[in-house]
**Student:** 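Dropping the structure in here first, questions after.
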Amino acid sequence: MKIGVLALQGAVAEHIRSVELAGGVGVSVKKVEQLNEIDGLIIPGGESTTIGKLMRKYNFIDAIRHFSAAGKPIFGTCAGMIVLAERIAGGEEPHLGLMNMTVSRNAFGRQRESFETDLQMVGIEETVRAVFIRAPLIQSIGDEVTVLSTYQDEIVTARQGHLLACSFHPELTDDYRLHQYFVQMVEGSLQRLR
């Protein structure tokens with residue numbers, strides 16, 4: 001089972017390490033053709049506007065939409081969550097527009113307001129360590145979206161079928177259980193697609 005990490009910006013090596021600790025094979029994805037060789041995709045953090053521009057430049061937008069339409073799981077973390085969203089507060093044009101949610105950029109403040117905390121997560125027994133860096137949050141969700149965790153009553157992790165999104169950076173800790181959750185999503189999709 002191969003899980004790709006979109007390697008346009010962000011902590012690609014850290015995500016690959018977490019995927020491999022969680023039992024998957026991590027692959028750095030730099031070309032559209034590589035999407036045919038993977039079973040799941042992680043869109044890492046970074047700067048969502050820059051990631052969106054690079055995705056357009058290298059023809060990833062339609063390719064990832066087709067990947068999603070085939071039922072293959074996608075996990076967006078921090079800026080990756082913004083890239084997945086159907087709506088971005090403030091009127092910014094959405095990028096992939098796949099997940100029925102409205103997200104707010106830099107909702108927890110600037111770089112110096114970064115913090116770590118432990119979150120209760122649906123589907124994971126003990127708390128998950130979460131690193132928030134210029135983090136977005138989910139302002140609203142559609143009926144088909146399930147909230148997996150909140151911080152101070154704000155939605156920070158959600159799932160819509162084969163799509164998973166979180167506000168924070170799960171790859172920056174030694175806690176790889178959210179990646180394990182995603183690996184299980186990919187395993188489930190492989191069984192359905194066989």
Side-chain angles (χ1 to χ4, degrees), residues 1-6 10-27 38-46 67-68 71-85 96 98-104 107-108 114-193:
M1 175 187 40
K2 286 187 182 176
I3 295 178
V5 181
L6 189 63
V12 176
E14 291 84 348
H15 273 293
I16 288 173
R17 179 186 65 99
S18 295
V19 163
E20 296 191 335
L21 286 169
V25 176
V27 179
I38 59 172
D39 307 301
L41 178 68
I42 295 173
I43 303 173
F67 185 89
S68 175
K72 292 186 173 186
I74 303 174
F75 181 15
T77 66
C78 196
M81 178 176 91
I82 298 169
V83 169
L84 277 181
L96 291 170
L98 293 173
M99 201 162 167
N100 188 359
M101 60 185 179
T102 302
V103 296
S104 174
F108 291 105
S114 301
F115 63 97
E116 286 187 42
T117 190
D118 292 314
L119 298 174
Q120 291 288 340
M121 189 85 57
V122 173
I124 299 176
E125 277 187 25
E126 293 172 20
T127 57
V128 170
R129 192 73 180 158
V131 178
F132 289 82
I133 303 170
R134 292 175 57 216
L137 62 79
I138 302 171
Q139 280 187 347
S140 64
I141 55 171
D143 292 341
E144 68 275 42
V145 180
T146 303
V147 175
L148 298 183
S149 73
T150 59
Y151 174 75
Q152 295 182 342
D153 297 324
E154 302 285 7
I155 304 168
V156 293
T157 314
R159 178 175 177 179
Q160 178 182 323
H162 64 287
L163 304 172
L164 179 66
C166 69
S167 298
F168 50 91
H169 289 268
E171 78 283 5
L172 297 182
T173 73
D174 291 329
D175 186 346
Y176 58 87
R177 286 172 302 147
L178 195 53
H179 286 83
Q180 207 161 32
Y181 181 96
F182 184 63
V183 165
Q184 288 165 355
M185 285 174 61
V186 175
E187 285 170 346
S189 84
L190 282 171
Q191 287 167 2
R192 282 193 305 277
L193 296 171

**Student:** Under the rule for side chain to side chain contact (heavy atoms under 4.5 Å, CB included), what residues qualify as partners of T173, not counting sequence neighbours?
**Tutor:** R129, V131, D175
**Student:** Do F168 and E116 come close enough that some side-chain heavy atom pair is under 4.5 Å?
**Tutor:** no
**Student:** Is any side-chain heavy atom of T157 closer than 4.5 Å to a side-chain heavy atom of V147?
**Tutor:** no
**Student:** How long is the span from the CG atom in D153 to the CG atom in L137, to the nearest 0.5 Å?
**Tutor:** 11.5 Å
**Student:** Please tabulate, one pair per line, all N/O donor-acceptor pairs under 3.5 Å involving side-chain atoms of residues 38-45, not counting sequence neighbours.
**Tutor:**
| from | atom 1 | to | atom 2 | distance (Å) |
| --- | --- | --- | --- | --- |
| D39 | OD2 | K2 | N | 2.8 |

**Student:** Begin from the C-alpha positions of H162 and S68 and carry the test side-chain hydrogen bond (donor to acceptor under 3.5 Å, both in side chains) through to its verdict.
**Tutor:** CA-CA 8 Å; H162 64 287; S68 175; 2.9 Å; yes
**Student:** Quick one: closest heavy-atom pair of S114 and I133, and the distance?
**Tutor:** OG-CA, 3.5 Å
**Student:** Are I74 and L84 packed together at the side-chain level, in the sense that at least one heavy-atom pair is separated by less than 4.5 angstrom?
**Tutor:** yes
**Student:** Please report the interatomic distance CG(L190) to NZ(K72), rounded to the nearest 0.5 Å.
**Tutor:** 8.0 Å
**Student:** Can you tell me how far the OG1 atom of T146 sits from the CD1 atom of I141, to the nearest 0.5 Å?
**Tutor:** 7.5 Å
**Student:** Could you tell me if the side chain of M121 sits less than 4.5 Å from the side chain of T127, heavy atoms only?
**Tutor:** no
**Student:** Quick one: CG on L119 to CD on E126, what's the gap to the nearest 0.5 Å?
**Tutor:** 14.0 Å
**Student:** Treating S167 as the side-chain partner and P136 as the backbone partner, does any N or O pair qualify as donor plus acceptor under 3.5 Å?
**Tutor:** yes
**Student:** Measuring from atom CD1 of I155 to atom OG of S104, what distance do you get when rounded to the nearest 0.5 angstrom?
**Tutor:** 12.0 Å
**Student:** Report yes if some heavy atom in the side chain of L163 is under 4.5 Å from a heavy atom in the side chain of V145; otherwise report no.
**Tutor:** no
**Student:** Please, which pairs that meet side chain to side chain donor-acceptor pair (under 3.5 Å) have at least one residue in residues 16-27, sequence neighbours excluded?
**Tutor:** none
**Student:** To check you understand the geometry: which heavy-atom pair defines the closest contact between M99 and A165, and what is its length?
**Tutor:** SD-CB, 3.9 Å
**Student:** Do N100 and E144 pass the side-chain hydrogen bond (donor to acceptor under 3.5 Å, both in side chains) test, and can you show the C-alpha distance, the side-chain angles, and the key distance before you say yes or no?
**Tutor:** CA-CA 8 Å; N100 188 359; E144 68 275 42; 3.2 Å; yes
**Student:** Counting N and O atoms only, with roles assigned by atom type, does the side chain of R177 sit under 3.5 Å from a partner on the main chain of H179, one being a donor and the other an acceptor?
**Tutor:** no
**Student:** Is any side-chain heavy atom of I3 closer than 4.5 Å to one of V25?
**Tutor:** no
**Student:** Give me the atom names and distance for the closest heavy-atom approach of V183 to V19.
**Tutor:** CG2-O, 4.4 Å
**Student:** Hey, are the side chains of M81 and V103 touching, using non-hydrogen atoms and a 4.5 Å cut-off?
**Tutor:** yes
**Student:** With a 4.5 Å limit on heavy-atom distance, are the side chains of L6 and V12 in contact?
**Tutor:** no
**Student:** Working note: F75 + Y181, criterion ring pair (Phe, Tyr, Trp, His ring centres under 6.0 Å); need CA distance, chi angles, decisive distance, verdict.
**Tutor:** CA-CA 10 Å; F75 181 15; Y181 181 96; 8.5 Å; no
**Student:** So which heavy atom on Q120 is nearest to which on E125, and how close?
**Tutor:** OE1-O, 4.4 Å
**Student:** Please test Y151 against F115 for ring pair (Phe, Tyr, Trp, His ring centres under 6.0 Å), starting from the C-alpha separation and ending with a verdict.
**Tutor:** CA-CA 12 Å; Y151 174 75; F115 63 97; 5.0 Å; yes
**Student:** Which value, rounded to the nearest 0.5 Å, describes the distance between S149 atom OG and R159 atom CZ?
**Tutor:** 14.0 Å
